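Some notes on the structure that comes next.
Sequence lines set the chain letters: A, B, ... in the order given, protein chains first and strands last, and positions in each chain run from 1. Computed from a prediction, not measured in an experiment: that's the story for all the values here.
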There are 2 protein chains.
Amino acid sequence: MSDVFRALADESRRSLLDALFARNGQSLSEMAENMPMSRQAVAKHLAILESANLVSTAWRGREKLHYLNPVPIGEIVRRWVGKFEDARVDALTDFKEQMETSKEKRRA
Amino acid sequence: MSDVFRALADESRRSLLDALFARNGQSLSEMAENMPMSRQAVAKHLAILESANLVSTAWRGREKLHYLNPVPIGEIVRRWVGKFEDARVDALTDFKEQMETSKEKRRA
DNA sequence: CTCATATGCAACTATATGGTTGCATGTCAA
DNA sequence: TTGACATGCAACCATATAGTTGCATATGAG
């Protein structure tokens, strides 16, 4: 889980996901062509995305093809982030009460 | 936006959000007591969360109180992550087609 | 077979990051 | 006023991270 956030924290890696979103199943060389860094650097990023389960790979001959992982990217993120959604209204209430401590509330 | 992912990438910072989820509006010292690091380190983490707009602060006398940001944590994450959700089925299809290149598909 | 292409592996470098300590500043309480 | 408490600021350190280059290995094409 933390791997996912770590993986998404890097702009280059988010770009790579974008690139796969635009065209799925690209090889390493293909992806490296569109990135402003060496092929090896791209390979490292893809390895991180793969180990975070955001990308799956499949070999076709000497090419390694990359796919957005069918295991949904958002699911794990949403699960973690979701509980904070529930707290949203309460948090807002607490915050405003704090900010307006000296103000008297009128009933509508 | 990238700030959000960066901020969430660190386990300590996610713990701090958890702590605020458990009890909103804690002071720096309070939060530092429950973390296995110095107050200054916690202050840095909270500053990062604040600049990523995940946490808001309000001064009460000499105490700096921290609140889960009423601007929803999940919204920004979900917006980015959401488009990948749309691609999910297609990605799965592409992937399976690739994996099963040599297999013939039968119509049901 | 031979060569070009596609990737992997390893060593190395610079900078970012997470942590520390020490001291300065500001606010409440006696 | 004086002192204790809460926070901020700055320097410093160790490690992680993102990138590089060079070379090795594997596969497809002629």
Side-chain angles (χ1 to χ4, degrees), chain A residues 1-20 23-67 95 98-99 101-102, chain B residues 1-20 23-67 95 98-99 101-102:
Chain A
M1 198 271 291
S2 67
D3 291 341
V4 173
F5 287 112
R6 296 288 305 258
L8 293 176
D10 187 83
E11 174 60 40
S12 300
R13 288 192 285 271
R14 289 198 302 276
S15 290
L16 289 172
L17 291 178
D18 282 336
L20 287 180
R23 198 161 63 80
N24 209 17
Q26 296 184 60
S27 73
L28 169 60
S29 302
E30 270 178 304
M31 305 205 72
E33 272 171 14
N34 301 312
M35 295 288 288
M37 64 187 69
S38 69
R39 173 182 59 79
Q40 287 87 343
V42 174
K44 284 189 192 176
H45 282 307
L46 288 171
I48 289 170
L49 290 171
E50 194 177 351
S51 75
N53 248 289
L54 297 174
V55 162
S56 295
T57 59
W59 284 91
R60 185 181 58 188
R62 58 184 165 180
E63 291 183 321
K64 190 179 194 179
L65 305 182
H66 299 78
Y67 298 87
F95 185 72
Q98 189 58 44
M99 296 310 294
T101 285
S102 57
Chain B
M1 198 269 292
S2 69
D3 290 341
V4 173
F5 287 113
R6 298 288 306 255
L8 292 177
D10 186 84
E11 174 60 40
S12 300
R13 287 192 285 271
R14 289 197 302 275
S15 290
L16 289 171
L17 292 177
D18 281 337
L20 287 180
R23 197 160 64 79
N24 209 18
Q26 296 184 58
S27 72
L28 168 61
S29 302
E30 270 178 304
M31 305 204 73
E33 273 172 14
N34 301 312
M35 295 289 288
M37 64 187 69
S38 69
R39 172 182 60 78
Q40 287 85 343
V42 174
K44 283 190 192 177
H45 282 307
L46 287 171
I48 289 170
L49 290 171
E50 195 177 350
S51 75
N53 248 290
L54 297 175
V55 161
S56 295
T57 59
W59 284 92
R60 186 180 57 189
R62 58 185 166 181
E63 290 182 322
K64 190 179 194 178
L65 304 182
H66 299 78
Y67 297 87
F95 186 71
Q98 189 57 46
M99 295 311 293
T101 285
S102 57

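Among C:dA11, D:dT7, C:dG19, the nucleotide with an atom closest to any side-chain atom of A:K44 is C:dA11. Residue B:L28 has its side chain nearest to D:dG8 when only C:dA6, D:dG8, C:dG18 are considered.
Separating the CG atom of A:L65 from the C1' atom of C:dT7 is a distance of 12 Å, rounded to the nearest angstrom. Rounded to an integer number of Å, the gap from A:E11 CD to C:dA16 C1' is 16 Å. The CG-C1' distance, from B:L46 to D:dG8, rounds to 13 Å in whole Å. As a whole-Å value, the separation of B:R60 CZ from C:dG26 C1' is 17 Å. The distance from atom CG of A:D3 to atom P of D:dA16 is 15 Å, rounded to the nearest whole Å. One interatomic measurement links the two molecules: CD of A:E33 to C1' of C:dT7, which rounds to 14 Å at whole-angstrom precision. For the pair B:E63 CD and D:dA4 C1', the computed distance is 14 Å after rounding to whole Å. Across the protein-nucleic acid pair, A:L49 atom CG and D:dA18 atom C1' stand 14 Å apart, rounded to whole Å.
Each of A:K64 and B:R39 lies near DNA chain C, and the nucleotide nearest A:K64 is the one positioned closer to the 5' end. Sequence order on DNA chain D of the closest nucleotides to B:H66 and A:S38 puts B:H66 first from the 5' end.
A donor-acceptor contact under 3.5 Å is not formed by the side chain of B:Q40 with the base of C:dG18. A donor N or O paired with an acceptor N or O is found under 3.5 Å between the base of C:dT5 and the side-chain atoms of A:R62.
In this structure, CG in B:L17 is found 5.0 Å from CG in B:L49, a value given to the nearest 0.5 Å.
Remark: A:R39 does not engage A:E33 in a salt bridge, criterion side-chain N to carboxylate O under 4.0 Å.
A 4.5 Å side-chain heavy-atom check between A:M37 and A:S12 finds at least one atom pair inside the cut-off. A 4.5 Å side-chain heavy-atom check between B:H66 and B:N24 finds every atom pair outside the cut-off.
Under 3.5 Å, the side chains of B:T57 and B:E50 contain a donor-acceptor pair of N or O atoms.
Between B:T57 and D:dT7 there is no side-chain polar atom (N or O) within less than 4.0 angstrom of OP1 or OP2. Phosphate contact (OP1/OP2 of D:dA18, side-chain N/O of A:R13, threshold under 4.0 Å): present.
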